[in-house]
Protein chains: 2
Amino acid sequence: MQYSVFNNLNGEGLSGVAFKDRNRKKNAIAHLSARVESTIPELADLLNISIPKTTELITELLEEGLVKDTGKKTEGLGRKAAIYSLNPDSCYFLGVEIKKYKINIGLMSFNANIIDSALDVPFAFLDTNESLDAIIKEIHKFLSNVSVVKEKIIGLGLSMAGRINVKTSEILSIYHFGNAPVKEKLEEEFNLPVYLDNDSRTLAYGEYNFGQYGLPYSEKNACIVNLDYGIAIGIFADGAPVYGASGYAGEIGHIPMFNNEKICFCGKKGCLETEASGLALIDYLVKKMKEGSSSRLQQVFSKKGFLELEDILEAVKFGDNLAIEGVTEIAYNLGKGLAVAINLLNPELIVLGGMLSGFGELLLLPVKTSIMQHSLSLVNNDTRIALSSINQRAALPGCCLLVRDKILGLI
Amino acid sequence: MQYSVFNNLNGEGLSGVAFKDRNRKKNAIAHLSARVESTIPELADLLNISIPKTTELITELLEEGLVKDTGKKTEGLGRKAAIYSLNPDSCYFLGVEIKKYKINIGLMSFNANIIDSALDVPFAFLDTNESLDAIIKEIHKFLSNVSVVKEKIIGLGLSMAGRINVKTSEILSIYHFGNAPVKEKLEEEFNLPVYLDNDSRTLAYGEYNFGQYGLPYSEKNACIVNLDYGIAIGIFADGAPVYGASGYAGEIGHIPMFNNEKICFCGKKGCLETEASGLALIDYLVKKMKEGSSSRLQQVFSKKGFLELEDILEAVKFGDNLAIEGVTEIAYNLGKGLAVAINLLNPELIVLGGMLSGFGELLLLPVKTSIMQHSLSLVNNDTRIALSSINQRAALPGCCLLVRDKILGLI
DNA sequence: CTTATTTAATAAAAAAAATTATTTACTATT
DNA sequence: AATAGTAAATAATTTTTTTTATTAAATAAG
C-alpha cells in the first residue's frame with residue numbers, strides 16, 4: 001500500500017499530531033465514502049474541526065491522490081464551495097465469489113464501483129488443493145487482463161458458502177481446502193491482505209449498500225435474506241453487520257422450526273431449511289410429481305434426473321401450476337422463519353434476496369401473509385418487507401465493499 | 001442538572017473548543033465509568049490527548065465535583081500516579097421497577113452503586129390513572145426518605161413488562177395507563193428526564209453489567225434470558241444492547257416454535273412461551289396433577305386454586321418429583337428456543353436469569369442438553385451457558401444504570 | 001545511603017489549531 | 001451595471017494544544 005492513511009493501520013509508532021491527522025484523514029474518507037461527495041465546510045462540521053484544518057487535510061489527501069476535486073456546488077447563495085470526492089482511480093479492491101460450479105471475480109474502485117469483472121467462470125469447487133490452485137490461476141488471469149496499475153489493488157476478499165470463522169479465518173464448512181490455510185496462501189500469492197467472509201454476509205452487505213438503485217438502504221436495523229438452495233440472513237443492527245462470536249451469526253436455515261423427520265445437511269432434523277429453501281422447494285416438487293401431479297417440470301426432471309432452481313424459475317415464468325404451488329408453500333414456511341427474526345430483532349427492513357427472490361411477488365405475498373400470521377402486528381408493522389432487485393448479483397460488490405470497509409476501518 | 005457535562009446534551013450553541021472540551025470530558029467520564037478508576041497518563045492514552053490537556057480536563061471535573069482523587073497507584077516503578085474515579089456523591093439516578101403486585105425503587109450513585117432502595121412495595125398494577133398516581137406517590141415517599149440532595153438526582157428510569165416503544169415512549173402492552181402519556185406526566189411531576197424501558201432489557205442490562213460478582217461480563221455478544229411467567233431475552237451485539245426499530249427486540253417468547261394448539265397471551269398459537277415459561281410450567285403441572293400425578297403441590301393448589309412460581313421453587317427444594325419433571329420439560333423446550341438465538345446471533349454467552357433461574361442446575365443441565373441437540377456443535381461451542389446468580393434482582397440496578405448510561409450518551 | 005532508573009507532574013517552549021478578519025466569488029435586487 | 005447580501009477560501013491573529021524540558025516522587029541496585 002502506497003497511501004499513508006492505509007499504512008500502519010493501527011497507528012503504531014505514530015504519536016500525537018501525526019496519529020490524530022491520520023485518524024482525521026480516515027474519518028474524512030469515511031464521510032466521503034458514505035456521502036459520496038462533500039465540501040470543506042460540510043466536512044469541517046462533520047469532523048468537528050475548523051475549516052483551515054480541514055482544508056489542510058483535504059489538500060494533503062488531494063496531493064496523495066486519494067481525493068479528487070469534482071466541481072462546485074450549484075445551489076445556494078454566495079461563493080460556491082468546491083466539491084471533493086474519493087478519487088476512484090486511487091486504489092482498488094479485489095473480490096472473489098466462489099460458488100459451486102463457477103467463480104465471479106470483480107474489481108472495485110475506491111468509490112465503490114465495480115469497474116471490471118469476470119462472471120460465471122467455470123470452476124469445480126472441490127475439497128482439494130487443486131481447486132484452490134484453480135482459483136489462484138483464475139485470479140491471476142483476471143488480473144493480467146485488468147487495466148489498472150497492480151500496485152493500486154490493496155486488498156482481496158473471498159466470499160464462499162459455509163461457516164467461516166472470521167476471527168481465525170478458518171473455513172469450517174464442508175467446503176474447505178484440505179485444511180490449507182487459504183488466507184495465508186492467498187496473501188503470499190498476491191501480496192495482499194486477504195479477508196474471508198460468508199456468502200450470505202457478502203450478499204447482505206452488497207444488498208444493504210447497493211440495493212436501492214445502487215444506493216444504501218436507510219433502515220439501520222435490517223435482515224437481508226439469502227434465499228438459494230439453502231437459506232441464511234445477514235443481520236444489520238444500528239447500521240453495522242452483526243457477526244457474533246466467530247462470524248456465524250445469521251444461520252437462520254438451521255433453527256429448529258418444524259416437527260418433520262427431514263434430516264438437514266447439518267445433521268439435525270426439523271431445520272427451517274428443510275421446509276423453506278431452494279432444496280426444500282425441489283424436494284417438494286419432486287415428491288409431488290412422483291405422487292402424480294402434472295407439471296412442465298416433469299420433462300426436465302426425467303431428462304436430467306434432477307431439478308435445478310433455474311428450471312423452477314423458468315417453469316413459473318410459464319405459469320406452471322405445480323411450481324407456483326411449490327413456491328407458495330416454501331414462501332409460507334419462510335414467512336414463519338422470518339417471523340422469528342422479527343420477534344428477536346425488531347428490524348425495520350427485511351429484503352428477500354438470493355436466487356429465489358427471482359420469483360418476485362409470487363414469493364413476497366405469501367411471505368408477508370405468513371409473517372402477519374406468525375408475529376405480532378405491533379412488531380411486524382415496524383418491518384418493511386421488500387424484494388431485492390439485484391438478487392444474487394449483490395454478493396460480488398458486497399464482497400469487494402467489505403474489503404474496502406474493513407481496510408478503512410469502517411467495520 | 002447542575003453539571004456542565006450534562007447540560008446541553010447535544011452541544012447546541014457550543015462551538016469549537018468548548019464543544020470539544022465537553023465531549024472530551026464526557027469521554028473521560030465514560031472511560032472512568034467503564035474502568036472504575038484511572039490515572040492521568042492512562043486517560044491521556046485512551047482519549048488520545050496530551051497529558052497536560054488531560055490534567056486540565058480532570059482538574060475541571062475535579063472542581064465541578066464529578067470526579068474524585070482516590071489515592072495513588074501502588075505497583076510499578078517510578079513516581080506513583082494519582083488515581084481518579086467518579087465521585088459517587090456527585091449525582092444520582094432513580095430507577096423504578098414496576099411489577100404486577102409490587103414496585104421496587106432504587107437510587108444509584110454516579111459510580112453505579114445502589115445506595116438506597118425500597119423493595120417489594122405493595123402495589124396493584126392496573127390500567128388506571130389511579131395506578132399511575134400510586135406509583136408517583138410511592139416515588140415521592142421514597143424520595144422524602146432519601147438522604148441525598150434532591151437536586152443531585154438527574155434522571156428517572158421506569159422498567160415495566162410489555163412492549164414499550166423506546167422511540168415514542170409509548171407503552172403499548174396490555175399494561176398501560178389509559179393512554180396517559182406516562183413519560184410526560186412523570187417528567188413534569190419530578191422535573192427529571194424520564195426513560196422507559198422493557199423489564200427484560202433492564203434485567204439484561206443489570207445482569208450484563210453486574211452479573212459477575214458485581215462486575216460486567218467480558219463477552220461482547222450475549223443473550224440474557226428473562227425466565228419468568230413469560231420469557232424474553234436481552235441481546236448484546238458488540239457490547240451494546242440491541243433495541244431494533246422501536247425497542248421490541250428480544251421477544252423470543254413469541255416466536256412460532258411449537259405445533260401445539262395452545263393460544264398464547266399474544267393471540268397466536270405455538271409460541272415458545274406456551275411451552276417454555278413459568279406459565280407453561282404451571283400449566284404443565286396443573287394438567288399432570290389433574291391427570292392424577294401426585295405432588296406436594298396438590299395441597300397448595302387445592303388451597304389457593306392456582307399455583308405461583310414461588311410454590312414450584314419451594315416444591316423443587318423439597319425434591320418434589322413432579323415439579324422436577326416439569327422444570328426439566330420446560331428447560332428442554334427453552335433449550336430449543338435458545339438454539340434459535342444461537343443460530344441467529346452466534347453469542348459468546350447466554351445467561352439464564354429471571355425468577356426461574358432459581359432452579360439452578362436443574363434448569364441449566366437440560367437446557368444445555370437441548371441446545372446441543374438443536375444447534376450445530378460448531379456454533380454452540382462458541383457459547384457459554386451460565387446461570388445468573390442475581391436472578392430478578394438485576395432489573396433494578398439495570399434500570400438505574402440504563403438511565404445513567406443514556407444520560408452519559410454511552411448507549 | 002547514595003545513585004541510577006523509572007514514571008508522574010509541572011513548566012516552558014514550540015507547534016498546531018481555532019478564531020477572527022479579509023478577500024474572493026457568486027446571486028439577487030434595484 | 002452597481003450594489004447589497006451570502007457564503008467560501010484564505011490570511012492574520014490569537015488561542016489551544018502538544019512537545020520538550022524540568023522537576024518531583026518513588027523503587028532498585030550497588
Side-chain angles (χ1 to χ4, degrees), chain A residues 4-5 11-28 31-32 35 37-64 67-85, chain B residues 4-5 8 11-28 31-32 35 37-63 67-85:
Chain A
S4 65
V5 190
E12 304 266 337
L14 288 175
S15 80
V17 178
F19 180 78
K20 282 187 188 172
D21 270 359
R22 203 193 56 105
N23 284 342
R24 281 181 286 214
K25 281 186 193 174
K26 275 183 81 168
N27 285 339
H31 278 302
L32 287 175
R35 339 178 84 231
E37 50 181 34
S38 212
T39 65
I40 283 182
E42 275 169 14
L43 282 169
D45 223 47
L46 289 164
L47 300 173
N48 276 315
I49 50 178
S50 68
I51 285 175
K53 182 68 197 173
T54 310
T55 309
E56 183 193 316
L57 293 174
I58 291 292
T59 307
E60 281 172 37
L61 287 171
L62 230 43
E63 278 161 9
E64 285 196 76
V67 160
K68 217 175 152 180
D69 185 326
T70 44
K72 295 218 177 290
K73 242 175 51 171
T74 49
E75 22 23 287
L77 295 176
R79 179 172 172 176
K80 303 296 173 284
I83 291 171
Y84 299 93
S85 315
Chain B
S4 66
V5 190
N8 200 344
E12 303 267 336
L14 288 175
S15 81
V17 178
F19 180 78
K20 283 187 188 173
D21 271 358
R22 202 193 55 106
N23 284 342
R24 282 181 287 211
K25 281 186 194 174
K26 275 182 84 167
N27 286 338
H31 280 302
L32 287 175
R35 336 179 87 231
E37 50 180 34
S38 211
T39 65
I40 282 181
E42 274 169 15
L43 283 168
D45 224 48
L46 290 164
L47 301 174
N48 277 317
I49 50 179
S50 69
I51 285 176
K53 181 68 197 173
T54 310
T55 309
E56 183 193 317
L57 293 174
I58 290 293
T59 307
E60 281 173 37
L61 287 171
L62 230 43
E63 279 163 7
V67 161
K68 215 176 153 179
D69 186 325
T70 44
K72 294 220 176 290
K73 243 175 50 172
T74 49
E75 21 27 283
L77 295 175
R79 178 172 172 177
K80 303 296 175 282
I83 291 172
Y84 299 93
S85 315

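Each chain gets a letter, A, B and so on, in the order its sequence line appears, and its residues count up from 1.
Mapped onto DNA chain D by nearest heavy atom, A/Thr39 and B/Lys72 fall at different nucleotides, with A/Thr39 at the one closer to the 5' end. DNA chain C is contacted by both A/Thr54 and A/Lys80; A/Thr54 maps to the nucleotide lying nearer its 5′ end (nearest heavy atom per residue).
In this structure, A/Arg24 and A/Asp21 approach most closely via the heavy-atom pair NH2-OD1, 2.9 Å. The two atoms that bring B/Ala82 and B/Asp69 nearest to each other are CB-OD2, 4.1 Å, heavy atoms only. Residues B/Thr70 and B/Tyr84 approach most closely at OG1-C, 4.2 Å, considering heavy atoms.
Rounded to an integer number of Å, the gap from A/Arg24 CZ to D/dT17 P is 12 Å. The CG-C1' distance, from B/Leu77 to D/dA29, rounds to 12 Å in whole Å. Rounded to a whole Å, the CZ atom of B/Arg79 is 17 Å from the P atom of D/dT22. For the pair A/Asp45 CG and D/dA7 P, the interatomic distance rounds to 14 Å; values are reported in whole Å. Separating the CD1 atom of A/Ile58 from the C1' atom of D/dA9 is a distance of 14 Å, rounded to the nearest angstrom. Protein atom CG of A/Asp21 is 12 Å distant from nucleotide atom C1' of D/dT18, rounded to whole Å. Rounded to whole Å, the distance from CD1 on B/Ile51 to P on D/dT19 is 11 Å. The nearest whole Å value for the distance from the NZ atom in A/Lys73 to the C1' atom in D/dA7 is 8 Å.
For A/Lys20, the side-chain atoms get nearest to D/dT17 when compared with the rest of D/dT19, D/dA8, D/dT17.
Considering A/Thr54, A/Leu57, A/Thr55, A/Ile49 as possible partners of A/Leu43, the one that fulfils the side chain to side chain contact (heavy atoms under 4.5 Å, CB included) test is A/Thr54.
Considering NZ of A/Lys53 and CG of A/Asn48, their distance stands at 14.5 Å, rounded to 0.5 Å. In this structure, A/Glu37 CD and A/Lys68 NZ are separated by 12.0 Å, a value rounded to the nearest 0.5 Å. Here NZ of B/Lys25 is found 8.5 Å from CD of B/Glu56. Values are rounded to the nearest 0.5 Å.
A 4.0 Å heavy-atom criterion places the boundary nucleotides of DNA chain C facing chain A at C/dA16 to C/dA28, written 5' to 3'.
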